Number of protein chains: 2
Amino acid sequence: MNATVQHALRDAILGRDLPPGASVTETAVASRYGIARQTARLAIERLVADGLLRRAPHQAARVPELDAQDIRDVFDSRAVVEQAAIERLAQAGSIPAEALAAHREPRALAEDAPFARIDATFHRALVAGQPNARLARMHELLMGEIELCIAQVQAGRVLLPAEIGAQHQAILDAVTAGDAALAGRLAREHVHGARDRLLNQTTH
Amino acid sequence: MNATVQHALRDAILGRDLPPGASVTETAVASRYGIARQTARLAIERLVADGLLRRAPHQAARVPELDAQDIRDVFDSRAVVEQAAIERLAQAGSIPAEALAAHREPRALAEDAPFARIDATFHRALVAGQPNARLARMHELLMGEIELCIAQVQAGRVLLPAEIGAQHQAILDAVTAGDAALAGRLAREHVHGARDRLLNQTTH
DNA sequence: GATGCGCAGATTGTTTGACAATCCAAGCGA
DNA sequence: TCGCTTGGATTGTCAAACAATCTGCGCATC
């Protein structure tokens with residue numbers, strides 16, 4: 001029961017149903033989803049751990065408002081982790097099935113899902129398929145805020161599926177070729193490109 | 001009240017009072033520290049998030065037994081994050097006061113504390129002093145398991161304060177000199193050295 | 001008019017007690 | 001020997017309550 005509420009809250013935040021700056025109180029969540037306050041509290045705490053909410057002691061949780069510095073921080077950290085992850089994936093040499101599915105059939109996954117969601121699925125699957133569980137855990141820690149960044153900048157229009165798909169293809173090729181250095185470099189540049197596109201959107 | 005219990009539990013785990021494999025039930029923690037089960041549950045969940053406990057749904061939490069592969073995973077991830085963090089610290093060019101304190105006065109910090117604890121304090125302070133908050137958060141996520149690794153291998157004897165102190169000094173020198181590439185390389189090698197010493201200890 | 005104080009409301013932090021859901025191991029029967 | 005049931009242990013969730021803390025507003029004072 002808790003996992004479903006957590007998922008619903010997550011969607012509400014990423015879907016801007018709860019706009020940045022909105023306060024999310026335990027009682028509000030409890031009554032909204034018909035659960036006990038303790039359970040709502042737990043869901044909120046998990047989302048705080050995921051970076052999708054923030055809160056100070058004795059204050060209501062709030063949807064964070066991410067500024068340009070936050071975007072730089074999050075994407076730079078992601079670049080570090082994802083480069084390392086892709087390098088390890090290339091050393092292993094095999095591409096996870098879920099990543100291939102997200103890469104090949106973006107339409108089939110979810111017609112209504114924005115491309116940003118599919119892109120996140122692809123990257124998550126790539127990192128999850130690499131052997132180091134801690135790297136995957138750290139990556140997961142970042143992806144919540146990453147999706148929040150993209151949602152807040154409303155950058156769905158900025159992400160060009162064709163261009164990004166080509167970059168993904170290049171990364172996959174380097175991985176299958178076992179060229180860890182190249183794959184890692186491509187992954188880092190890919191993330192940095194996303195960061196710069198988002199930053200352009202915000203300052204503009 | 002909860003923070004103190006969490007700290008006591010943490011010490012019990014790292015001090016091998018709770019040996020690897022020991023099960024930590026909510027009721028046991030509650031009665032041991034005289035708190036409600038809900039509060040004990042919360043403390044356990046936080047420690048699970050820190051990597052100091054593991055648990056599956058509807059099962060008691062357990063102190064993880066880390067094998068050689070875990071040590072490789074944790075330290076390799078740490079090397080990735082810490083190299084990036086030290087590079088950013090060198091670009092900023094200033095060394096956090098807490099890091100200097102831990103480096104210069106290991107005795108003064110805590111006479112009874114093992115050197116491993118002081119070493120962890122030093123590294124935590126270095127990474128926390130660097131401007132990227134997400135990198136620091138990921139590092140913190142790893143340090144729990146790092147300390148657990150060291151405690152389980154009982155590697156207090158293996159960590160030579162003089163040698164490690166010299167390596168720390170070299171890193172600090174590179175940071176103050178603003179040589180990000182050198183500082184990052186030294187940090188990575190420093191972490192890899194710790195990893196190899198621990199691995200030698202386990203297989204032996 | 002500006003400043004500081006205090007009070008009431010809102011919210012979280014923690015406790016206690018209870019019950020359902022689930023897992024695990026021991027015992028039992030085929 | 002193998003599979004099943006059953007009972008105990010443990011977690012997951014709910015409900016109600018109270019203390020601790022923060023926030024904003026009104027009010028007195030300067």
Side-chain angles (χ1 to χ4, degrees), chain A residues 1-13 16-65 67 133 137 140-141 144-145 148, chain B residues 1-13 17-65 133 137 140-141 144-145 148:
Chain A
M1 182 60 78
N2 184 27
T4 65
V5 170
Q6 192 179 337
H7 197 272
L9 255 184
R10 183 187 181 88
D11 284 348
I13 295 170
R16 312 198 77 180
D17 192 3
L18 290 170
S23 75
V24 181
T25 67
E26 299 176 357
T27 54
V29 173
S31 65
R32 167 74 182 78
Y33 296 101
I35 57 178
R37 187 166 76 94
Q38 292 277 7
T39 312
R41 173 189 182 77
L42 184 59
I44 288 175
E45 262 182 17
R46 298 238 171 106
L47 289 175
V48 168
D50 284 347
L52 288 173
L53 286 175
R54 288 182 190 168
R55 84 162 147 185
H58 290 279
Q59 273 172 274
R62 290 182 162 277
V63 181
E65 310 183 48
D67 58 14
R137 191 151 137 244
E140 190 54 42
L141 191 65
E145 278 188 296
L148 193 55
Chain B
M1 182 59 77
N2 184 28
T4 66
V5 169
Q6 192 180 335
H7 197 273
L9 254 184
R10 184 188 180 87
D11 285 347
I13 294 171
D17 192 3
L18 289 170
S23 75
V24 180
T25 67
E26 298 177 357
T27 54
V29 172
S31 64
R32 168 72 183 79
Y33 296 100
I35 57 177
R37 186 167 77 91
Q38 292 278 8
T39 312
R41 174 188 181 78
L42 185 58
I44 289 175
E45 261 182 18
R46 298 237 171 106
L47 290 174
V48 169
D50 285 345
L52 288 172
L53 287 175
R54 289 181 189 169
R55 83 163 149 186
H58 289 280
Q59 274 172 272
R62 291 181 162 278
V63 180
E65 310 183 47
R137 191 150 137 246
E140 191 54 43
L141 191 66
E145 278 188 297
L148 193 56

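What you see is a predicted model, and the numbers here were worked out from it, not measured in a lab. Within every chain, numbering begins at 1; the chains are lettered A, B, ... in the order of the sequence lines, protein sequences first and strands thereafter. Below, each value reflects all heavy atoms present in this structure, side chains not excepted, and no hydrogens, waters or symmetry copies.
In this structure, the CZ atom of B:R37 is 13 Å from the P atom of C:dG17, given to the nearest Å. The separation between A:I35 atom CD1 and C:dA20 atom C1' is 17 Å, rounded to whole Å. For B:Q38 and D:dT10, the CD to C1' distance is 14 Å, given to the nearest whole Å. Rounded to whole Å, the distance from CG on B:L42 to P on C:dG13 is 9 Å. As a whole-Å value, the separation of A:R55 CZ from D:dC22 C1' is 14 Å. Distance CD (B:Q59) to P (D:dG8): 20 Å, rounded to an integer number of Å. The CD atom of B:E26 sits 12 Å away from the C1' atom of D:dA9 (whole-angstrom rounding). In this entry the distance linking CZ of B:R41 with C1' of C:dG13 reads 16 Å, nearest Å.
A pairwise comparison of heavy atoms in A:A49 and A:L141 identifies O-CD1, 3.3 Å as the closest pair.
Nearest to the side-chain atoms of B:H58 among the listed nucleotides C:dT16, C:dA21, D:dA15 stands C:dA21. Looking at the side chain of B:A60, the nearest of the listed nucleotides D:dT11, C:dT11, D:dT13 is D:dT11.
Distance CG/A:N2 to CD1/A:I35: 6.5 Å, rounded to 0.5 Å. Here the CG atom belonging to A:L42 is positioned 10.5 Å from the CD atom belonging to A:E26, to the nearest 0.5 angstrom. Rounding to the nearest 0.5 Å places CZ of A:R37 at 9.5 Å from CD1 of A:I44.
Positionally, the nearest nucleotide of DNA chain D for B:P57 lies more toward the 5' end than for the other of A:P57 and B:P57.
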